[in-house]
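See below for the structure under consideration.
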Amino acid sequence: GGYFRLGSSLAGVITADVTQGAAASNRTVAQIMKSIVIDLGGVSSGDVDSGDVTALDTANSSVVGVYVDSESDISSVLDELSSSVGAWWGFDSLGKFRMARLAIPSGTAVETFTESEIIDIDRSGEIPSYNVKLKYKKFYTVQDSDLAGSVTNARRGELKNQFREVVATNSAILNKHLLASEREFVTLLVDATAAQTEADRLLDIYELRQDYFEIRSRDVSIQYNVELGDVVEVTVSRFGLSGGELFRVVGIESDLKRNEYKLRLWRAV
């Protein structure tokens, strides 16, 4: 409900830096996503997994900012927010709103799948990346002219670009993988240090080979025990998995008519 009241005729474009919340802790990805789904999405507070909110804040409590000035949908805004810290969001089998940061699988698996439980298994992958470019501190109003005379040249140079950028590089990857790629991420982070920290974290993941497996199974325990983001173990005689390897669940499809489940699994090695 805020507005500008000018004491004289308009001279130039009127802009503002708007801050919501009493403290920086109110402006994290976890807290803003929670507010959006409750205030705008019609989700009750009891249906937002509070443990996920706390865990994501612990994983990354950096301040972000988002401004919606045109017709949009809630899922698009949630995508922008979650991807800013490498997280995902969704609803689990009980209808609870979940969120978590994607991390290399580790710890104890909630389920183990062997050739006895797997109908078929497919593999795909991506070669490592040697460079991560991360965009942050989005200016929703880009200004290349019509600025006050007191604005410094350095500030003028910043205002004409929509994003600031940080880079994380590991050139040694190119010695082993001549076709190693570069990756670019767009975030809603507002602080340079936080942006660099996230770029470094992403490079730690993507400088490794990305393995994706898709398995089909009739193991009914999937319906009750496996959720998005969980860690599972796969032990089969193919793909070098005979000793059992951990994967993160990044997709689940259920075909209850055929009593089949399709899991999409990911790891970085």
Ring pair (Phe, Tyr, Trp, His ring centres under 6.0 Å) contacts in which one or both residues fall within residues 178-202, not counting sequence neighbours: Phe185-Tyr206
Any chance you could lay out the side chain to side chain contact (heavy atoms under 4.5 Å, CB included) test for Asp204 and Ile104, step after step, and finish with the verdict? CA-CA 10 Å; Asp204 286 342; Ile104 294 174; over 6 Å; no
Does a sphere of radius 6.0 Å around NZ in Lys34 hold more than 12 heavy atoms from other residues, nucleotides or ligands, not counting ones at 6.0 Å or beyond? no
Hey, are the side chains of Thr235 and Ser242 touching, using non-hydrogen atoms and a 4.5 Å cut-off? no
Is there a side-chain contact between Glu253 and Arg264 in this structure, where contact means two heavy atoms from C-beta onward sitting under 4.5 Å apart? no
Test: ring pair (Phe, Tyr, Trp, His ring centres under 6.0 Å). Region: residues 22-59. Which pairs qualify, not counting sequence neighbours? none
Does the side chain of Val142 come within less than 4.5 Å of Asn161's, by heavy atoms? no
Within one Ile-Leu-Val-Met-Phe-Trp-Tyr cluster: Val43 and Leu40, side-chain cutoff 4.5 Å: yes
Can you list the steps and then say if Tyr136 with Glu165 is a side chain to side chain contact (heavy atoms under 4.5 Å, CB included)? CA-CA 6 Å; Tyr136 73 101; Glu165 294 181 355; 5.7 Å; no
Drop me the distance from Ser254's OG to Glu260's CD, to the nearest 0.5 angstrom. 11.0 Å
Minimum heavy-atom distance between Asn259 and Arg218, given as atom pair plus value: O-CG, 3.2 Å
Asp52 side chain near Met99 side chain, heavy-atom distance below 4.5 Å: yes
Using a 4.5 Å cut-off between side-chain heavy atoms of Ile, Leu, Val, Met, Phe, Trp and Tyr, which other residues end up in the same hydrophobic cluster as Val190? Val63
Is there a donor-acceptor contact under 3.5 Å from the side chain of Glu214 to the main chain of Leu263? no
Find out whether Ser62 and Thr28 are in side-chain contact, i.e. whether some heavy atom of one side chain is under 4.5 Å from a heavy atom of the other. no
I need the minimum non-hydrogen distance between Lys135 and Thr187, along with the two atoms involved. O-OG1, 2.7 Å
Rounded to the nearest 0.5 Å, what separates atom CD in Gln162 from atom OG1 in Thr141? 9.5 Å
ILVMFWY cluster, Leu203 and Val186 together (side-chain gap under 4.5 Å): no
Could you tell me whether Glu245 and Arg267 make a salt bridge, using a distance below 4.0 angstrom between a side-chain N and a carboxylate O? yes
Would a hydrophobic clustering, with Ile, Leu, Val, Met, Phe, Trp and Tyr connected at side-chain separations under 4.5 Å, put Val85 with Val77? yes
Does one side chain, of Asn26 or Gln20, offer a donor that lies under 3.5 Å from an acceptor on the other? no
Same cluster or not: Val232 versus Val269, using hydrophobic residues (I, L, V, M, F, W, Y) connected whenever any side-chain heavy atoms lie under 4.5 Å apart? no
With heavy-atom distances below 4.5 Å as the criterion, would you say the side chains of Asn60 and Val29 are in contact? no
Taking only residues two or more places apart in sequence or in another chain, which ones pass ring pair (Phe, Tyr, Trp, His ring centres under 6.0 Å) with Phe91? Phe97
Pairs where residues 235-262 contributes a residue and the test ring pair (Phe, Tyr, Trp, His ring centres under 6.0 Å) is met, not counting sequence neighbours: Phe213-Phe239, Phe213-Phe247
Interatomic spacing from OG in Ser82 to CH2 in Trp89 - rounded to 0.5 Å: 8.0 Å
Quick test of your reading of the model: are Asp49 and Lys96 salt-bridged, counting only N-O distances below 4.0 Å? no
Could you tell me whether the side chain of Glu111 and the main chain of Ala109 form a donor-acceptor pair under 3.5 Å? no
How would you list, by chain and number, every residue that makes a salt bridge (charged side-chain N to carboxylate O under 4.0 Å, His left out) with Asp230, sequence neighbours excluded? none
If you link ILVMFWY side chains whenever their heavy atoms are less than 4.5 Å apart, which other residues fall into the same cluster as Leu147? By chain and number, please. Phe139, Val151, Leu159
So, the side chain of Arg164 versus the backbone of Glu158: is there a donor-acceptor pair under 3.5 Å, distance only? yes
Spacing of Arg27 atom CZ and Ser61 atom OG [to the nearest 0.5 Å]: 12.0 Å
Could you tell me whether the side chain of Ile36 reaches within less than 4.5 Å of the side chain of Leu81, counting heavy atoms only? yes
Kindly give the heavy-atom pair with the smallest separation between Val250 and Trp266, and that separation in Å. CG1-CB, 4.0 Å
Among all residues two or more places apart in sequence or in another chain, which pass the side chain to side chain donor-acceptor pair (under 3.5 Å) test with Ser237? Glu115
Test Leu265 against Tyr212 for side chain to side chain contact (heavy atoms under 4.5 Å, CB included), laying out the working first. CA-CA 6 Å; Leu265 310 176; Tyr212 299 95; over 6 Å; no
Test side chain to side chain donor-acceptor pair (under 3.5 Å) applied to Thr19 - qualifying residues, sequence neighbours left out: none
Taking only residues at least two apart or on different chains, which pairs with a member in residues 32-84 satisfy ring pair (Phe, Tyr, Trp, His ring centres under 6.0 Å)? Tyr67-Tyr140
Does Leu179 have more than 12 heavy atoms from other residues, nucleotides or ligands lying within 6.0 Å of its CG? no
Between Asn225 and Val110, does a side chain to side chain contact (heavy atoms under 4.5 Å, CB included) hold up when you go through it step by step? CA-CA 7 Å; Asn225 298 336; Val110 299; 5.5 Å; no
Is the shortest side-chain heavy-atom distance between Leu188 and Ile32 below 4.5 Å? no
Nearest 0.5 Å, what's the CG-OG distance between Asp73 and Ser75? 3.5 Å
Counting only heavy atoms not in Asn175, do more than 12 fall under 6.0 Å of its CG? yes
Quick one: name the residues clustered hydrophobically with Val18, using the 4.5 Å side-chain heavy-atom rule over I, L, V, M, F, W, Y, and just say none if it's on its own. none
Minimum heavy-atom separation for Leu246 and Gly107, please, with both atom names. CD1-O, 3.5 Å
Show every donor-acceptor pair shorter than 3.5 Å between a side-chain atom in residues 116-133 and any protein atom, with sequence neighbours excluded, or say none if there are none.
| from | atom 1 | to | atom 2 | distance (Å) |
| --- | --- | --- | --- | --- |
| Glu117 | OE1 | Thr114 | N | 2.7 |
| Glu117 | OE1 | Thr114 | OG1 | 2.7 |
| Asp120 | OD1 | Arg216 | NE | 3.4 |
| Asp120 | OD2 | Arg216 | NE | 3.0 |
| Asp120 | OD2 | Arg216 | NH2 | 2.7 |
| Glu126 | OE1 | Arg183 | NH2 | 2.5 |
| Ser129 | OG | Ser181 | OG | 2.7 |
| Ser129 | OG | Arg183 | NE | 2.8 |
| Tyr130 | OH | Glu182 | OE2 | 3.3 |
| Asn131 | OD1 | Thr169 | OG1 | 2.5 |
| Asn131 | ND2 | Glu182 | OE1 | 3.2 |

Atom of Ala195, atom of Leu134 and distance for their closest heavy-atom approach: CB-CD2, 3.7 Å
Under a 4.5 Å side-chain heavy-atom rule over Ile, Leu, Val, Met, Phe, Trp and Tyr, are Val37 and Leu228 clustered together? no
Heavy-atom closest pair, residues Val231 and Arg248: CG2-NH1, 3.4 Å
With a 3.5 Å cut-off and no angle check, do the side chains of Thr54 and Asp57 form a donor-acceptor pair? no
In Å, rounded to the nearest 0.5 Å, how long is the span from CD1 of Ile222 to CG of Asp219? 5.5 Å
